Amino acid sequence: MPRPSPASPLLSLPGAVPAEAPDEGVAAHYGDLFREQRALADGSGFVDLSHRGVVTVTGPERLSWLHLLLTQHVSDLPPGQATEALILSAHGHIEHALSLVDDGETTWMHTEPGNQEALIAYLESMKFFYRAEVADRTDEIAVVHLPAGSIAEVPEKVVVRETAHGRDLFLPRADLESFAADHGPAIGVLALEALRVEAHRPRLGMETDHRTIPHELGWIGTAVHLQKGCYRGQETVARVHNLGKPPRRLVFLHLDGSEVQLPPHGTPIRLASDGEEGRQLGFLTTSARHHELGPIALALVKRNVPVDAPLMAGTTAAAQEVVVEP
């Protein structure tokens, strides 16, 4: 069983409501979900992601070694350039999703809560004669997210992973409370999840199951480099890209706003015309309440579902938008 990350000290802040799986250990919100979303969208505040696993790789051959294992081209990754990468099974199914940055001496990555032990076990099994050292830094390093547009100053010597969606800071866990005091307001993970759904960005364990391949989620290009080979699962990636279509596709859903409860992860997706007894065509992956769009969701459905067909997520009506082309 995966070892949970240490509970965040920021759960003691006023209004903090603990998050549920898979985000236990940090706050879901601090009392006003929509206010927190608006602040995040405006570039204010920060999100405590200290429950995420943090892994580092050091050594002179770290990048050339990782290049052989990951779906991303990282052998020449410049210091400070953020990227994301996957680790696939031999059949091309997604096993790990990594958010990476290299500082010139160390490759830093964060991954889903509790996944770091399985990740490290795999990396250690593939070291062979390469000069690279893998370490679990979760107990000493906390991930903190600053939204795009934030003008917050980053403490000295803190490694930063900067993307179009904001900056991830690898902050000493001992500095988390002082950082919060200087960089508030604190914003819960539900606000960040709502903006993630709005941006159609997949998340391991939410948009994936045991047979998900990268093409289904739009990870080709962002986390998968098509001009490199020599990694586990590469044959499946190349075959589907060159010769076929993925069996499923990610869709964005506008949910019926009259429902009190959001349909949870795993809710069956069916054609609205077939009703609740119709054939299941996929499943809802993440649902959220958005401060402007109302209830929204991502779902994984069969590729041949008509793109203009009204859907049902359980008993909730849903209108779909294309994320991955059929």
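FYI, side chains are in, hydrogens and waters are out, and symmetry mates aren't considered; it's all heavy atoms of this structure. Computed from a prediction, not measured in an experiment: that's the story for all the values here.
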Short side-chain donor-acceptor distance under 3.5 Å, Ser44 and Asp42
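Asp42 vs Ser44: no donor-acceptor pair found between side chains.
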Under a plain distance cut-off of 3.5 Å, with no hydrogens placed, do Asp48 and Ser8 share a side-chain donor-acceptor pair?
yes
Derivation and outcome, side-chain contact (heavy atoms from CB on, under 4.5 Å), residues Ser50 and Val144
CA-CA 7 Å; Ser50 61; Val144 172; over 6 Å; no
Minimum-distance pair of heavy atoms, taken over all atoms of [X] and [Y]:
| X | Y | result |
| --- | --- | --- |
| Val74 | His67 | N-ND1, 3.2 Å |
| Pro113 | Pro22 | CG-O, 3.5 Å |
| Ala27 | Ala16 | CB-CB, 4.4 Å |
| Ala297 | Leu284 | CB-CD1, 3.7 Å |
| Ile187 | Gly45 | CD1-CA, 4.1 Å |
| Val322 | Val324 | CG1-O, 3.6 Å |

Donor-acceptor pair, distance only, cut-off 3.5 Å: does the side chain of [X] make one with the backbone of [Y]?
| X | Y | value |
| --- | --- | --- |
| Arg62 | Gly59 | yes |
| Thr71 | Leu86 | yes |
| Thr285 | Leu298 | yes |
| Glu216 | Ile213 | yes |
| Lys245 | Glu325 | no |
| Thr267 | Gly314 | no |
| Arg270 | Ala313 | no |

Could you note down all residue pairs passing salt bridge (Lys or Arg N to Asp or Glu O under 4.0 Å) where residues 272-288 supplies at least one of them, sequence neighbours left out?
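Every candidate salt bridge (Lys or Arg N to Asp or Glu O under 4.0 Å) pair involving residues 272-288 fails, so no pair, neighbours aside, qualifies.
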Side chain proximity check, [X] to [Y], heavy atoms < 4.5 angstrom:
| X | Y | value |
| --- | --- | --- |
| Arg173 | Thr138 | yes |
| Leu226 | Ile220 | yes |
| Val47 | Val189 | yes |
| Ile94 | Leu204 | yes |
| Glu112 | Arg203 | yes |
| His290 | Gln37 | yes |
| Pro147 | Leu192 | no |
| Leu262 | Arg289 | yes |

Any chain of hydrophobic side-chain contacts (each under 4.5 Å) joining [X] to [Y]?
| X | Y | answer |
| --- | --- | --- |
| Ile296 | Leu190 | no |
| Ile141 | Val57 | no |
| Leu169 | Val26 | no |
| Leu40 | Leu146 | no |

Between [atom1] on residue [X] and [atom2] on residue [Y], distance to nearest 0.5 Å:
| X | Y | atom1 | atom2 | value |
| --- | --- | --- | --- | --- |
| Leu63 | Asp102 | CG | CG | 4.5 Å |
| Leu217 | Met206 | CG | CE | 12.5 Å |
| Ile269 | Gln320 | CD1 | CD | 9.5 Å |
| Leu88 | Glu95 | CG | CD | 7.5 Å |
| Glu177 | Asp182 | CD | CG | 12.0 Å |
| Leu98 | Ile87 | CG | CD1 | 5.0 Å |

Please list, chain by chain and in numerical order, all residues satisfying side-chain contact (heavy atoms from CB on, under 4.5 Å) with Asp209, sequence neighbours excluded.
Arg211, Thr212, Arg248, Phe283
side-chain contact (heavy atoms from CB on, under 4.5 Å) against Ala118, all qualifying residues, sequence neighbours excluded
His96
Full working for side-chain contact (heavy atoms from CB on, under 4.5 Å) between Leu100 and Thr107
CA-CA 7 Å; Leu100 298 169; Thr107 301; 4.1 Å; yes
Mind jotting down which residue pairs meet the ring-ring contact (aromatic ring centres under 6.0 Å, His included) criterion with at least one end in [range]? Sequence neighbours excluded, please.
| range | value |
| --- | --- |
| residues 22-44 | none |
| residues 165-208 | Phe46-Phe179, Trp108-Phe170, His110-Phe170, Phe179-His183, His200-Phe252 |
| residues 211-246 | His73-His225 |

Hydrophobic clusters join Ile, Leu, Val, Met, Phe, Trp and Tyr when side-chain heavy atoms are under 4.5 Å apart, directly or via other members; which others share one with Met312?
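Cluster partners of Met312: none, it stands alone.
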Run through the side-chain heavy atoms of Ile, Leu, Val, Met, Phe, Trp and Tyr, join any pair under 4.5 Å, and report what else lands in Val260's cluster.
none
Kindly list each side-chain donor-acceptor pair under 3.5 angstrom involving residues 119-130, sequence neighbours excluded, with atom names and distances?
residue, atom, partner, partner atom, Å
Ser125, OG, Tyr122, O, 2.6
Lys127, NZ, Ala132, O, 3.2
Lys127, NZ, Glu133, OE1, 3.4

Which donor-acceptor pairs under 3.5 Å do the side chains of residues 233-240 make with protein atoms, sequence neighbours left out?
residue, atom, partner, partner atom, Å
Thr236, OG1, His91, O, 3.0

Given Glu193 and Thr286, is the side-chain contact (heavy atoms from CB on, under 4.5 Å) satisfied, shown in steps?
CA-CA 8 Å; Glu193 282 290 275; Thr286 307; 3.9 Å; yes
Is the number of heavy atoms from other residues, nucleotides or ligands under 6.0 Å of Ile151 CD1 greater than 12?
no
Does Glu140 have more than 12 heavy atoms from other residues, nucleotides or ligands lying within 6.0 Å of its CD?
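It does: Glu140 CD has more than 12 such atoms within range.
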Charged N-O contact under 4.0 Å between Glu207 and Arg196
yes
Show which side-chain atoms of residues 304-311 pair as donor or acceptor with protein atoms under 3.5 Å away, not counting sequence neighbours.
none

Donor-acceptor contacts under 3.5 Å from residues 77-85 side chains, at least two apart:
residue, atom, partner, partner atom, Å
Thr83, OG1, Gln72, NE2, 3.3
Glu84, OE2, Thr222, OG1, 3.4

List the steps and the verdict of side-chain contact (heavy atoms from CB on, under 4.5 Å) for Val55 and Val134.
CA-CA 7 Å; Val55 175; Val134 182; 3.8 Å; yes
Run the numbers on Glu321 and His254 for side-chain hydrogen bond (donor to acceptor under 3.5 Å, both in side chains), then give the verdict.
CA-CA 8 Å; Glu321 292 182 8; His254 292 274; 2.8 Å; yes
